[in-house]
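Letters A, B, ... are given to chains in the order of the sequence lines, protein chains preceding strands, and every chain is numbered from 1.
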Number of protein chains: 2
Amino acid sequence: MTSLKFATALHVCLLLAHLEADGPGRAAPSSLLASSIGANPVVVRRILATLTAAGLVTTRTGAGGGAWLAVKPTKIRLAQIYQAVEELVGPGFRPKGNPACPVGRAAPAVIAAVIGEMNKASLAALSRQTLAELLKKLEMSLS
Amino acid sequence: MTSLKFATALHVCLLLAHLEADGPGRAAPSSLLASSIGANPVVVRRILATLTAAGLVTTRTGAGGGAWLAVKPTKIRLAQIYQAVEELVGPGFRPKGNPACPVGRAAPAVIAAVIGEMNKASLAALSRQTLAELLKKLEMSLS
DNA sequence: AATAATTGTAACCATCACTATTACTATTGG
DNA sequence: CCAATAGTAATAGTGATGGTTACAATTATT
């Protein structure tokens, strides 16, 4: 998994939270976000669409439009951002093995359970931090 | 990440451990492993090559050849299997943001740290189980 | 009302990782 | 000698991903 979707979404949220703290009431256009990230504005808008669907950001079209956080950074856990943009977590597995082989019959369920525990641990780690906490770390690294 | 490499490697190891417990001294050909998994023998041999490089299995060419575990199942942690076949863990991130933007400068390092914690949690979960323990679960589900 | 800025999408393309498959050589046991 | 097997290269198909262009719809500003 080397998709940049989570990194992009996290960068978007950090920037929106930073702007909000700096001076509220302003919408950030996708061109601004894309420029900070080094990505394409359309790609950023696609990420924004999934974040909007998850209820994390709001957007407005037209001149002066753009995106802003729909929820306070203290109320956003990083796991919410992850799940908004990456539906599948962790490696894949084959649903069925060879029914003629005992291990082939039983292995898929056991393997799926292992991958499930892996995902659980991943998401738990992300749940331990809020966007506000991460923004604080970022702002400390600015000075 | 929906690669099947980890699931394939785990199935291979489970089957080799099961065969070893059943009756030792026999080499399992890639065709047998592939048949149990429902994968192609060449793909299985490629997985076996990485497991061999990691020191987890041994193979022998020629008639009567095949693969067997090089290490006792009680000494193999699932994280070793994961790292043998999947060099990259977790989602990717962009190494550099826009240097003209404060958040663009600082975000990549912060994001990389988040992903690093995610990976650490994932691998820690896999380190908690040995192949022997997983095999026991599989064998219990057989009855 | 006109204009400029902006989102929301669709369409398309290039790239990459992955799986499957064929084919061949080298090795090994019987 | 022969059959079975690993090792590996070459190739093809597939799906996810990111980039790009294009355009309709919406909104603030003048």
Side-chain angles (χ1 to χ4, degrees), chain A residues 1-12 16 19 25-35 37-54 57-68 70 85-97, chain B residues 1-9 11-12 16 19 25-35 37-54 56-70 82 85-97:
Chain A
M1 178 200 293
T2 47
S3 157
L4 301 174
K5 286 196 286 183
F6 177 54
T8 304
L10 205 44
H11 195 137
V12 162
L16 294 180
L19 293 174
R26 294 180 300 185
S30 64
S31 56
L32 173 70
L33 300 170
S35 158
I37 296 167
N40 191 282
V42 176
V43 174
V44 169
R45 289 204 289 274
R46 289 202 279 243
I47 296 289
L48 283 170
T50 67
L51 292 173
T52 300
V57 311
T58 311
T59 57
R60 194 180 52 222
T61 64
W68 63 93
V85 296
E86 305 259 23
E87 66 283 354
L88 282 185
V89 199
F93 59 93
R94 295 184 176 78
K96 292 278 175 190
Chain B
M1 184 199 292
T2 47
S3 157
L4 302 174
K5 287 196 288 184
F6 177 54
T8 305
H11 195 135
V12 163
L16 293 181
L19 293 176
R26 292 179 303 184
S30 64
S31 57
L32 173 70
L33 300 169
S35 158
I37 296 167
N40 189 281
V42 176
V43 174
V44 170
R45 288 204 289 272
R46 289 202 278 246
I47 296 288
L48 284 171
T50 68
L51 292 172
T52 300
L56 299 176
V57 310
T58 310
T59 57
R60 193 181 51 223
T61 64
W68 63 93
L69 289 178
Y82 189 89
V85 295
E86 305 259 22
E87 66 284 353
L88 283 184
V89 200
F93 59 92
R94 295 182 177 79
K96 291 278 175 186

Please enumerate all residues that pass side chain to side chain contact (heavy atoms under 4.5 Å, CB included) together with [X], with sequence neighbours excluded.
X	value
A:Thr58	A:Trp68, A:Ala70
B:Thr61	none
A:Ala67	A:Leu16, A:Leu48, A:Thr59

Round to the nearest Å and state the distance from [X] atom [atom1] to [N] atom [atom2].
X	N	atom1	atom2	value
B:Leu51	D:dG7	CG	C1'	15 Å
B:Ile47	D:dT8	CD1	C1'	15 Å
B:Lys5	C:dA17	NZ	C1'	8 Å
B:Ile37	C:dT19	CD1	C1'	13 Å
A:Arg26	C:dA5	CZ	C1'	17 Å

Summary of side chain to side chain donor-acceptor pair (under 3.5 Å) pairs that have at least one residue in residues 41-51 of chain B, sequence neighbours excluded: B:Ser30-B:Arg45

Per-nucleotide protein contact string for nucleotides 6-13 of chain C (B base, S sugar-phosphate only, - none; heavy atom under 4.0 Å): BBBBBB--

Interatomic spacing from CZ in B:Arg94 to CG in A:Leu4 - rounded to 0.5 Å: 4.5 Å

Closest nucleotide among C:dA20, D:dT17, D:dG19 to the B:Arg94 side chain: D:dG19

B:Asn40 vs C:dT21: side-chain N/O to OP1/OP2 distance below 4.0 Å: yes

N/O (side chain, B:Thr2) to phosphate O (OP1/OP2, C:dC18) under 4.0 Å: no

Exercise: identify the closest heavy-atom pair between A:Arg26 and A:Leu19: NH2-O, 4.1 Å

